[in-house]
2 protein chains.
Amino acid sequence: MSDGDINTKMAVFQEKCRQAGLKITPQRLAVYRALILSNEHPSADVLYRQLRRDFPSISLDTVNRTLLTLTQIGVAFVVEGSGQARRYDGNLENHQHFRCVNCGKVIDFHCEQFNDIPIPDDIEENFVVLRKTVYLEGLCQSCKSELNSQGAPRLNITK
Amino acid sequence: MSDGDINTKMAVFQEKCRQAGLKITPQRLAVYRALILSNEHPSADVLYRQLRRDFPSISLDTVNRTLLTLTQIGVAFVVEGSGQARRYDGNLENHQHFRCVNCGKVIDFHCEQFNDIPIPDDIEENFVVLRKTVYLEGLCQSCKSELNSQGAPRLNITK
DNA sequence: CTTACTGCAAACCATTTGCACGATC
DNA sequence: GATCGTGCAAATGGTTTGCAGTAAG
């Protein structure tokens with residue numbers, strides 16, 4: 001990513017913060033910048049260790065809280081299923097999962113078309129693929145109506 | 001699932017245990033049975049509470065350890081990313097993730113074809129879909145060669 | 001009779017919460 | 001100056017580990 005791209009993203013981010021009524025703090029900017037500069041889908045801890053170098057007073061809590069905020073204003077998201085208690089599936093037949101971001105339920109669904117998706121050549125050649133699945137995230141039927149009846153839903157991807 | 005189906009699965013499971021040199025214990029059978037009877041992708045804790053009803057002496061540790069064993073002999077798997085520290089992604093462009101089950105790294109890849117997958121009607125109608133992604137799991141390039149050079153790899157999906 | 005499995009307790013790690021101080025608007 | 005954000009400390013929840021007793025092969 002070029003310096004220009006980064007500056008643009010930082011500007012957009014600051015604008016989003018203002019729109020959301022969030023204050024622009026050095027910590028917030030630093031966490032967001034570190035996140036978009038990373039391509040390793042970092043955990044809070046990884047970012048924290050990194051940020052501490054340039055920002056010795058930053059705390060892990062702030063990193064955690066800031067990352068949560070970033071997902072809430074829609075400038076970041078949580079990598080598939082991470083941060084949830086480990087869940088097991090004993091059904092080895094080909095199927096897909098939908099996860100409700102509100103209640104955490106994982107619901108099976110089936111779709112022929114999904115099973116037939118080919119794996120890209122560059123992956124097939126250099127990696128060993130053990131599992132392939134389509135993953136959907138959103139609101140399940142009951143959470144959808146629950147949130148509708150409450151008015152403005154505040155979607156919290158990490159819940 | 002019919003009683004016949006369950007009995008078949010239990011028999012296959014016992015055979016797999018023997019092949020893997022694992023002892024057939026009442027706890028192991030109970031955990032596996034509870035898992036395949038559940039369609040809610042349970043966590044260890046959920047299974048534990050359920051199992052305790054019929055098996056008051058079972059411990060949460062045994063459930064945890066047994067579930068790990070089940071993934072190792074290939075009769076169960078861990079639901080996408082669950083059980084890992086929460087990881088964040090600040091890249092909102094359409095892309096897919098490959099997760100290495102050995103080192104935990106999450107690697108981005110791109111594939112036009114994946115972006116165009118339609119969401120099944122029954123999901124589209126009853127759920128709110130906020131994110132759609134193809135998720136691959138396996139061994140990355142470096143772990144692949146590392147494990148090759150070590151001889152028989154013992155794949156541990158949860159690591 | 002040997003080896004592996006289980007249950008318990010303690011340790012560990014990631015995440016959350018309450019609170020007082022400090023910074024932003 | 002009011003409100004929100006931060007850092008600290010403690011609490012919580014999930015998972016792992018070491019160990020001694022117990023059960024399976």
Enquirer: Taking the side chain as every heavy atom from C-beta outward, state whether B:K132 and B:F114 have any atom pair closer than 4.5 Å.
Expert: no
Enquirer: Decide, yes or no, whether a salt bridge links A:R49 with A:D45 under the criterion of side-chain N to carboxylate O below 4.0 Å.
Expert: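 So A:R49 pairs with A:D45 through a salt bridge.
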Enquirer: Below 4.0 angstrom, which residues in residues 8-15 of chain B have at least one non-hydrogen atom near DNA chain D?
Expert: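 Going residue by residue through residues 8-15 of chain B, none turns out to have a heavy atom under 4.0 Å of DNA chain D.
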Enquirer: For the pair made of OH in A:Y48 and C1' in D:dT6, what is the distance, rounded to whole Å?
Expert: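 Going from OH in A:Y48 over to C1' in D:dT6 covers 13 Å.
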Enquirer: Does B:F77 share a hydrophobic cluster with B:F98, counting links as ILVMFWY side-chain heavy atoms below 4.5 Å and allowing steps through other members?
Expert: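 The answer is no; the residues belong to distinct hydrophobic clusters.
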Enquirer: So do the side chains of A:L68 and A:N64 get within less than 4.5 Å of each other, counting heavy atoms only?
Expert: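 A:L68 does not reach A:N64 side chain to side chain.
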Enquirer: With respect to the phosphate group of D:dT16, does any side-chain polar atom (N or O) of A:R86 fall under 4.0 Å of OP1 or OP2?
Expert: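 Yes, such a contact exists.
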Enquirer: Establish whether the base of D:dG25 is bridged to the side chain of B:R18 by a donor-acceptor pair shorter than 3.5 Å.
Expert: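 Under the 3.5 Å cut-off, the side chain and the base do not form any donor-acceptor pair.
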Enquirer: Near DNA chain D, which residues from residues 19-46 of chain B have a heavy atom under 4.0 Å away?
Expert: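 Listed by number, they are B:K23, B:I24, B:P26.
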Enquirer: Please determine whether a side-chain nitrogen of the Lys or Arg among A:R131 and B:E80 lies less than 4.0 Å from a carboxylate oxygen of the Asp or Glu.
Expert: yes
Enquirer: Tell me every residue that passes side-chain hydrogen bond (donor to acceptor under 3.5 Å, both in side chains) with B:T62, counting only those two or more places apart in sequence or in another chain.
Expert: B:S59
Enquirer: With hydrophobic residues grouped by side-chain heavy-atom distances under 4.5 Å, do B:F13 and B:L22 end up in a single group?
Expert: yes
Enquirer: What's the CG-P distance between B:L47 and D:dG14, to the nearest Å?
Expert: 13 Å
Enquirer: In whole angstrom, what separates B:L68's CG from C:dT6's C1'?
Expert: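 My rounded result for the distance is 15 Å.
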Enquirer: Just jot down the side-chain hydrogen bond (donor to acceptor under 3.5 Å, both in side chains) partners of A:N39, sequence neighbours excluded, or say none.
Expert: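 Expected list: none.
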Enquirer: How many Å lie between CZ on B:R87 and P on C:dT15, as a whole number?
Expert: 11 Å
Enquirer: Taking atom P of C:dC8 as reference, at what distance in whole Å does atom CZ of B:R65 sit?
Expert: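 In whole Å, C:dC8 P lies 11 Å from B:R65 CZ.
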Enquirer: Distance-only, no hydrogens or angles: does the B:R99 side chain make a donor-acceptor pair with backbone N or O of B:K105 under 3.5 Å?
Expert: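 No; zero donor-acceptor contacts below 3.5 Å.
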Enquirer: Determine, for A:Y48 and A:R52, whether the Lys NZ or Arg CZ falls below 6.0 Å from the six-membered ring centre while staying within 45 degrees of the axis.
Expert: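 Geometry flag: set, cation within 6.0 Å and 45°.
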Enquirer: In degrees, rounded to 10°, what is the bend between the two ends of the helix from C:dC1-D:dG25 to C:dC25-D:dG1, using five pairs at each?
Expert: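 It works out to 40° between the end axes.
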Enquirer: If we ignore hydrogens and angles and just use 3.5 Å, is the side chain of A:H41 paired with the main-chain N or O of B:V106 as donor and acceptor?
Expert: yes
Enquirer: For A:S82 and A:V78, indicate whether the former's side chain and the latter's backbone hold a donor-acceptor pair under 3.5 Å.
Expert: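 Not a single qualifying donor-acceptor pair exists.
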Enquirer: Please round to the nearest 0.5 Å and tell me the distance separating atom CG of A:L139 and atom CG of A:N102.
Expert: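 So the CG of A:L139 and the CG of A:N102 are separated by 6.0 Å.
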Enquirer: Measure from CZ on A:R52 to P on D:dT6 and round the result to the nearest Å.
Expert: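 Rounding to the nearest Å, CZ of A:R52 and P of D:dT6 are 17 Å apart.
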Enquirer: If you take any heavy atom closer than 4.0 Å to DNA chain C, which residues from residues 53-61 of chain B end up in contact?
Expert: B:S57, B:I58, B:S59, B:D61
Enquirer: How many Å lie between CG on B:N64 and C1' on C:dC12, as a whole number?
Expert: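 In whole Å, C:dC12 C1' lies 14 Å from B:N64 CG.
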Enquirer: B:Q84 has an atom CD; how far is it from atom C1' of D:dG14, in whole Å?
Expert: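 Checked: the CD to C1' distance equals 13 Å.
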Enquirer: Side-chain heavy atoms under 4.5 angstrom apart, residues restricted to Ile, Leu, Val, Met, Phe, Trp, Tyr: same cluster for A:L29 and A:L67?
Expert: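 Result: yes, single cluster for both.
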